[in-house]
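Below is one structure; the comments refer to it alone.
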Amino acid sequence: MTSQTTTETTSNTRGHVPPVMAARELGVYYGDFHAVSGVNLDFNRHEVTALIGPSGCGKSTVLRSLNRMNDLIPKARVEGEVTYHGQDIYQPKIDPIEVRRRIGMVFQKPNPFPKSIFDNVAYGPRVTKMKVDSMNDLVEQSLRRAALWDEVKDNLKGSAFGLSGGQQQRLCIARAIATSPDVILLDEPCSSLDPIATAAIEDLMTDLKQEYTQIIVTHNMQQAARISDTTAFFTAGVDEESGKRIGRLVEYNDTSSIFNNPAEKSTEDYVSGRFG
Amino acid sequence: MMSTRAEKASTVARDTTRRIAMGKRKGIWKEQLFKYVLILCIVIAFVTLLALIIHSAWLGRGRLDLNLITQMPSTLNPETSGMQSALWGTVILMVGVLVTVVPLGISAAVYLEEYADTERWWNRFIELNIQNLAAVPSIVFGILGLAYVVREGFAFGPVAYAGSLTLAMLVLPTVILASREALKAVPDSIRQASYGMGATKWQTVWHQVLPVAVPGMITGTILAMSRAIGETAPLLLVGATTFVTFNPDSAFAGAYTAIPVQIYQWASRPQPEFRELAAAGVILLIVVLLIMNSAAIWLRNRYSRFDL
Ligand SMILES: Nc1ncnc2c1ncn2[C@@H]1O[C@H](COP(=O)(O)OP(=O)(O)O)[C@@H](O)[C@H]1O
Ligand SMILES: [Mg+2]
């Protein structure tokens, strides 16, 4: 019922530029459990899209299905379409490895590899066999891009575990951009960080907008309002047919509209803190 | 009436406090007891081990000399007899076990842990049987080795590598189980991160999972090798000769013996000189074991430079 509203608003405001990525009637099952259904979203070039909503409504599930990380969960099954530059990434001929090289991911808890800072950044280019003139330059560039270079340049051979949580998360971002992806998915990247580290990541994301399309899951309303261009609000409701709880997209629009002038009552309740 | 009720209430309160206090004291007492029982267990194990070592060292003290490793065994001159052939036999046997059991055990563990779909009955069947195999007595492996490694099947004949292969089968379950535990302990977030970078499954296992699991795998291998080095029964079955006065030609040719087999042979002789030799042999066996394990521990520490 609401998904129609969603598609309309989307096409009304930004129908002219083809989106980098899009989800069409996307649904995800974990075994018999239908976690989310009927998601339609367009992700525009060099914009930040925030996915918000109460816990368990399927934000991470949707995010993981955008670069086929759901393939790693044995019971997970995806229906509908996810397109990347118009190509459905769930076609049998598509290699999920290729998908993940173009659509990078940053996780909720900083998860650097148990290796040196240098090797963390160089890992992606190495395993994807990127043609690199100088690995040193690429590592430096990536770390600079992630606003981490000045803090680690004298300790590139040191363990990544020696860094603070916020530094580790920026290292994870540096690592993700080292393979020059097109899209970066971030699943609550600041949820384990203090406010200062959070601010650093937010600045970084705003800065990265010039080159990357970013999709971020966040629990933090202010964060969504500060850094995103568009916002998608999800919720979990009881399905009338099956009587089971199922996640769905309620509303998708410019961030300012979602926060100042939401079309749905539940969106308004959520963004104003009266819900969830 | 009011006062009695108040009194009653206060008695109840006091009672409760006392019960809580006593309960607490009782709890502490139990905890202390448990701790001391555990310490006692360690002490018993340690004292037994130490007593054995000291006893052997004392008995064999007269023969803990260079002759022990430079001389061949002799039935005529026990005073100068050594066990060079047995030492070499054990070294060759252990190298054979190592190069066989490590690739097999680690591959099996990687398959079961990283690739196998545990929903499938055959994978569960394999798992169950590996656990069962770990409990099979070593003599059974000796019979298996005699039938399928020495005589038929591989038909190596009674050479050192036949012994290695038999011992390798014996300790393979230990290596697999320990390696699986080591792989299980690798945080999933590392795998996720690697896949998220566009790494393949093989790259993820090779570059991220295995290096983290190696220290645990080495620990498992130490346990396995420590068990294999002391085995006598299966070796007697697959042809380790109790009396050899020359070093084995190679792993695949020539008669061989091993330290525990040599000890067994000496210990069963009546002359006190041979008893002394056997005791010295026990110490030599422990020394070889310690050298082997120290090397493994050194290797393990090199691998765990990064703490998780
Ligand atoms: N690996 C999984 N296996 C089974 N169910 C899952 C799995 N991951 C998530 N779910 C379920 O899917 C629903 C959506 O989860 P998730 O996408 O993590 O929500 P969110 O990120 O919005 O908190 C929840 O009900 C959750 O229990
Ligand atoms: Mg989530």
Side-chain angles (χ1 to χ4, degrees), chain A residues 31 60 63-64 66-75 95-117 119-130 157-162 168 171-172 174-181 184-187, chain B residues 106 110-127 179-219 299-308:
Chain A
S60 299
L63 195 74
R64 280 199 301 266
L66 297 180
N67 73 342
R68 296 195 58 172
M69 285 297 277
N70 271 346
D71 291 18
L72 304 176
I73 302 168
K75 292 176 300 166
D95 180 5
I97 304 294
E98 283 301 321
V99 171
R100 295 184 204 126
R101 283 171 190 181
R102 291 183 170 78
I103 307 167
M105 192 150 198
V106 175
F107 299 83
Q108 189 162 351
K109 218 173 133 260
N111 56 353
F113 298 124
K115 296 183 183 299
S116 70
I117 294 169
D119 286 341
N120 261 273
V121 182
Y123 181 69
R126 279 178 189 152
V127 294
T128 57
K129 306 202 169 55
M130 254 170 74
K157 294 266 170 286
S159 166
F161 290 129
Q168 288 188 5
L171 179 65
C172 292
R175 179 175 76 178
I177 58 189
T179 48
S180 4
I184 304 173
L185 310 176
L186 304 102
D187 193 350
Chain B
I106 292 178
V110 167
Y111 168 74
L112 287 171
E113 213 45 58
E114 304 289 325
Y115 287 87
D117 177 357
T118 43
E119 305 275 295
R120 304 275 173 217
W121 69 266
W122 58 85
N123 287 323
R124 281 213 301 264
F125 181 76
I126 292 172
E127 265 189 66
S179 301
R180 287 192 66 184
E181 289 309 315
L183 290 168
K184 274 203 192 96
V186 177
D188 219 30
S189 62
I190 292 184
R191 295 184 183 84
Q192 300 255 335
S194 178
Y195 289 126
M197 302 296 310
T200 61
K201 181 152 203 161
W202 170 244
Q203 287 169 331
T204 301
V205 169
W206 183 252
H207 294 293
Q208 302 296 349
V209 178
L210 274 180
V212 178
V214 157
M217 291 176 165
I218 293 178
T219 306
L299 202 67
R300 182 176 65 191
N301 291 346
R302 277 202 43 167
Y303 261 99
S304 31
R305 268 170 311 169
F306 295 115
D307 320 293
L308 275 181

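Order of the sequence lines fixes the chain letters, A, B, ..., with proteins taken first and strands second; residue numbering starts at 1 for each chain.
- Shortest non-hydrogen contact noted between T200(B) and I97(A) is CA-CD1, 3.7 Å.
- By the ring-ring contact (aromatic ring centres under 6.0 Å, His included) test, F113(A) pairs with Y123(A), sequence neighbours left out.
- The closest donor-acceptor contact from the side chain of K115(A) to the backbone of H207(B) lies under 3.5 Å.
- For K75(A), no part lies under 4.5 angstrom from a heavy atom of chain B.
- Under the 3.5 Å distance criterion, the side-chain polar atoms of N111(A) are left unmatched by any main-chain donor or acceptor of I190(B).
- Contacts between R175(A) and chain B at a heavy-atom distance below 4.5 Å involve backbone atoms as well as side-chain atoms.
- Counting heavy atoms from C-beta on, the side chains of M197(B) and R100(A) never come closer than 4.5 Å.
- Taken to the nearest 0.5 Å, the OH atom of Y195(B) stands 11.0 Å off from the CG atom of D71(A).
- Heavy atoms closer than 4.5 Å to chain B are found in the side chain of L72(A), but not in its backbone.
- Counting non-hydrogen atoms of other residues, nucleotides and ligands closer than 6.0 Å to NZ of K201(B) gives a total above 12.
- Counting only distance, with no hydrogens or angles, the side chain of R101(A) and the backbone of G198(B) share a donor-acceptor pair below 3.5 Å.
- Contacts between residues 112-120 of chain B and chain A, counted as heavy-atom pairs separated by less than 4.5 Å, involve no residue at all.
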